[in-house]
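Numbers restart at 1 for each chain; the letters A, B, ... are given by sequence-line order, proteins then strands.
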Amino acid sequence: MSLRFYNTLSGRVEEFHPLEPPKVRMYTCGLTVYDYAHIGNYRTFVFQDILRRHLKYRGYELLHVMNLTDVDDKTIRNSQAAGTSLRDYTDKYIKAFEVDAQLLNLEAPEIVVRATDHIAAMVKLIETLEAKGFAYRSEGSIYFRVSQFRDYGKLSKLDLEGMRAGARVDSDEYDKANVRDFVLWKAAKEGEPSWETPLGRGRPGWHIECSAMSMKYLGETFDIHSGGSDLIFPHHENEIAQSEAATGKPFVRYWLHAEHLIVNGEKMSKSLGNFFTLRDLVAKGYKPAAIRYLLASVPFRKPLNFTFDGLHQAQQSIERLRNLRYRLTMEKFPAGESSVLQDRARTAVREFEEALDDNLNTAEALAAIFNLVRDANIAMDHGEFRDGDRPVFLDALDRWDRIFAVLEDNDQAKLTKLGFIKPLAKTAGDLIPRQDEAKAAQGDGYTSAVLTEALGEAEIETRIAERNAARRRGDFASADKIRSDLLAAGVILEDTKSGTRWKRK
RNA sequence: GGCGCGGUACCCGAGUGGUAAGGGAGAGGUCUGCAAAACCUUUAUACGGGAGUUCGAUUCUCCCCCGCGCCUCCA
């Protein structure tokens, strides 16, 4: 079966055929960089990452553009409150986002764009809309006349008549001819950032940046546009209106929207105290790989219920997969090959690929790999597994991990490299790791705050050697003491046939 | 009120017009100096409620209840 996606525009699952195969041109709405991103944001970004990885896996040449909105009411308000320039303020949160992306193994898009770097392209697009009669001016601002665009509402399928009845009082201070009209260009206000342009002095409206930047890099019609479901209206609806009004061509062929994340069955909000950034979770000791796994495990069109129990379950699930890989790497098997087993592995690969082809059904893709895990373990335990089967099974895991990206146990290394964790000096009394959640919560210097202090690798290896020496001479009391000390320091030991293995709790 | 997503065992969550994946958790076992871990086996007659269509519905239709999102700048 071919690759299929649910397209918000048609309301159906459709076969995916890019305009110019094997090229795929994709635009994703990234962050508005006024604060640290929260896990709801990352639900969408992990979905987009799975999407881009699978497209590449399927052999497409991907050109993916992601935007960062670095000028809007909130960035302006917060930067002023912080007493820094808009640029400096948004730089900080862009850097923080890049760090988070590394922790979550989010691949970097081919192109990342910032709104304020593309004012000229927006101005040009607005001029086109004015020339074609889709825009009008009012008190220095420029608006899009929705009634002029016949297809308005085709994405969100909103009942515009119904909207009129329930229309809110327009909170904007600008004058519009119709409440449905939206602003393309906002007249400069005293004390706010603005740009001197042929349109006059002002700043862009929210939606115009995505039309201008996507078309600049991807062309007037491109393949995929995605974002959170809340963006369907008004953001993406307005993008369509602006873009198609300006070009007269279809703007985007496949619209993919991720459903929202909720926490413990409730919506996430700061007032409920269930609002988490990635660093909040890291400070609580949760591993980024587990967070990625949890966010990836629920297909993108289903609401995702985020719980700490779920995070724990995700961590356990990852361990199950890593353990198979450990066996495949370290355990001794008889020479030879088993074509039956190798076929089994290839079948699992096909099942997981087909699951992802089916609108990125990650839950089914997980089932496919776990079924293989079980069968591989059975074969090993029954002595049926052969040395020559190793590469096929490792390849199956690796292929799966090209999409899911959670098998490599490098959270500790990444957290250390990024400054979240400080290696502990090798004093026995300091074995217990210290956490400083208060400092973490302050949120200053995202990469410099010390969240946890952890025992260094060399120290752990030394103690394991000491313990094994004690075991050899039958001094189990000493051996057990070392094991429990390490456990208190967050290090778990496992004695396997191929030696002592350790991992972080 | 309108539009959309959802309500599956203790928890998280696939899926199907013919009685339901996978993971976690629980129990038993193997291994181990002991543990832990790992692995194996296993547990539970789970499909929000009602009506209808059908030989047969969890899967289709209608109504109702509940949760979540959007309805002008929120992923």
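A straight line from CG of A/Asn361 to C1' of B/A14 spans 6 Å, rounded to a whole angstrom. To the nearest angstrom, P of B/G69 lies 8 Å from CD1 of A/Ile262. Taking atom NE2 on A/His257 and atom P on B/C68, their separation rounds to 22 Å, with Å as the unit. Taking atom CG of residue A/Leu31 and atom P of nucleotide B/C74, one finds them 12 Å apart after rounding to whole Å. Regarding A/Ile76, its CD1 atom lies at a distance of 12 Å from the C1' atom of B/C73, rounded to whole Å. A/Arg501 has its CZ atom 9 Å from the P atom of B/A38, to the nearest Å. Nucleotide B/G23 holds its C1' atom 11 Å from the CH2 atom of A/Trp400, rounded to whole Å. Atom P of nucleotide B/C73 and atom CG of A/Asn78 are separated by 16 Å, given to the nearest angstrom.
Heavy atoms of A/Leu231 sit under 4.0 angstrom from primed sugar atoms or phosphate atoms, though from no base atom. The residue A/Thr8 sits apart from the nucleic acid: no heavy atom pair falls under 4.0 Å. Using a 4.0 Å heavy-atom distance criterion, A/Asp230 is classed as a base contact. Note on A/Asn305: only backbone sugar-phosphate atoms sit closer than 4.0 angstrom, heavy atoms only; bases stay farther off. A/His38 comes within 4.0 angstrom of a nucleotide base, judged by non-hydrogen atoms across all strands. Heavy atoms of A/Gly310 sit nowhere under 4.0 angstrom from any nucleic acid atom. Looking at heavy-atom distances under 4.0 Å, A/Asn371 makes contact with sugar-phosphate atoms alone, never a base. Residue-level contact check: A/Asp495 touches the bases, meaning some heavy atom is under 4.0 Å from a base atom. No engagement by A/Leu487 is indicated, since no non-hydrogen atom pair under 4.0 Å with the nucleic acid exists.
Across B/A25, B/A75, B/A14, the shortest atom-to-atom separation from the side chain of A/Gln316 is found for B/A25. Checked against B/G33, B/A75, B/C40, the side chain of A/Asn41 finds its nearest nucleotide in B/A75. Minimum atom distance to the side chain of A/Arg467 is reached by B/A35, of the listed B/U72, B/A37, B/A35. For A/Asp309, the listed nucleotide lying nearest its side chain is B/C11; candidates were B/C11, B/C34, B/A75. For A/Arg471, counting side-chain heavy atoms from C-beta on, the closest listed nucleotide (B/C34, B/A75, B/G13) is B/C34. For A/Gln313, whose side chain is taken as the heavy atoms from C-beta onward, the closest listed nucleotide among B/C3, B/G23, B/C74 is B/G23. Counting only heavy atoms from C-beta on, A/Glu364 has its side chain closest to B/A14 among B/C74, B/A35, B/A14. Of all nucleotides listed (B/C5, B/U72, B/G13), B/U72 comes nearest to the side chain of A/Phe182. Listed candidates were B/A14, B/G23, B/G22. Nearest to the side chain of A/Ser317 is B/G23. The side chain of A/Asp72 lies closest to B/C74 when the candidates are B/G13, B/C74, B/C71.
In this structure, the aromatic ring of A/Phe476 is positioned over the six-membered ring of the base of B/G33, centres within 5.5 Å and planes within 30°. Taking a centre distance below 5.5 Å and an interplanar angle below 30 degrees as the stacking criterion, A/His260 stacks against the six-membered base ring of B/A75.
The aromatic rings of A/Tyr293 and A/Phe370 sit perpendicular to each other, their planes meeting at more than 60°, with 30° as the lower class boundary.
Under 4.0 angstrom from either OP1 or OP2 of B/A36 there lies no side-chain N or O belonging to A/Arg483. Considering only side-chain N and O atoms, A/Lys302 lies nowhere under 4.0 angstrom from the phosphate OP1 or OP2 of B/C5. Considering only side-chain N and O atoms, A/Asn323 lies nowhere under 4.0 angstrom from the phosphate OP1 or OP2 of B/A37. Between A/Thr32 and B/C73, a side-chain N or O to OP1/OP2 separation shorter than 4.0 Å is absent. Contact annotation: A/Arg374 side-chain N/O to B/G22 OP1/OP2 distance is under 4.0 Å. Checking the phosphate oxygens (OP1, OP2) of B/C39, a side-chain nitrogen or oxygen of A/Arg320 falls inside 4.0 Å. Applying the 4.0 Å criterion to OP1 and OP2 of B/G2, one finds that A/Lys157 has every side-chain N and O outside that range.
For the strand RNA chain B, secondary-structure stems (runs of at least three Watson-Crick or G-U pairs, all distances below 3.5 Å) span B:1-7 with B:65-71, B:10-12 with B:22-24, B:26-30 with B:38-42, B:48-52 with B:60-64.
At a threshold of 4.0 Å, the pair A/Asp495-A/Arg501 does not count as salt-bridged, since none of the basic side-chain nitrogens sits closer than that to a carboxylate oxygen. Using a cut-off of 4.0 Å between Lys/Arg side-chain N and Asp/Glu carboxylate O, A/Asp475 and A/Arg473 are scored as salt-bridged. The pair A/Arg322-A/Asp409 meets the salt-bridge criterion, with a side-chain N (NZ, NE, NH1 or NH2) lying under 4.0 Å from an Asp/Glu carboxylate O. Ionic pairing of A/Arg467 and A/Asp480 is not present here: no N-O contact between side-chain nitrogen and carboxylate oxygen is shorter than 4.0 angstrom.
Judged purely by distance below 3.5 Å, without hydrogens or angles, the side chains of A/Asp70 and A/Tyr34 never pair a donor atom with an acceptor atom. With hydrogens and angles left out, the side-chain atoms of A/Arg114 and A/Thr90 include a donor and acceptor closer than 3.5 Å. With 3.5 Å as the limit, one finds a donor-acceptor pair spanning the side chains of A/Arg471 and A/Asn468.
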Determine whether A/His225 and A/Tyr254 satisfy the following criterion, ring-ring contact (aromatic ring centres under 6.0 Å, His included), listing intermediate values before the conclusion. CA-CA 6 Å; A/His225 193 133; A/Tyr254 300 88; over 10 Å; no
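Just one of A/Leu9, A/Leu3, A/Asn7 meets the side-chain contact (heavy atoms from CB on, under 4.5 Å) condition when paired with A/Glu14; it is A/Asn7.
Taking atom C1' in both B/A27 and B/C70, the straight-line distance is 46 Å, to the nearest Å. To the nearest whole angstrom, the two P atoms, one in B/U59 and one in B/U19, are 15 Å apart.
In A/Arg150, the CZ atom is not crowded: 12 or fewer heavy atoms of neighbouring residues, nucleotides or ligands sit closer than 6.0 Å.
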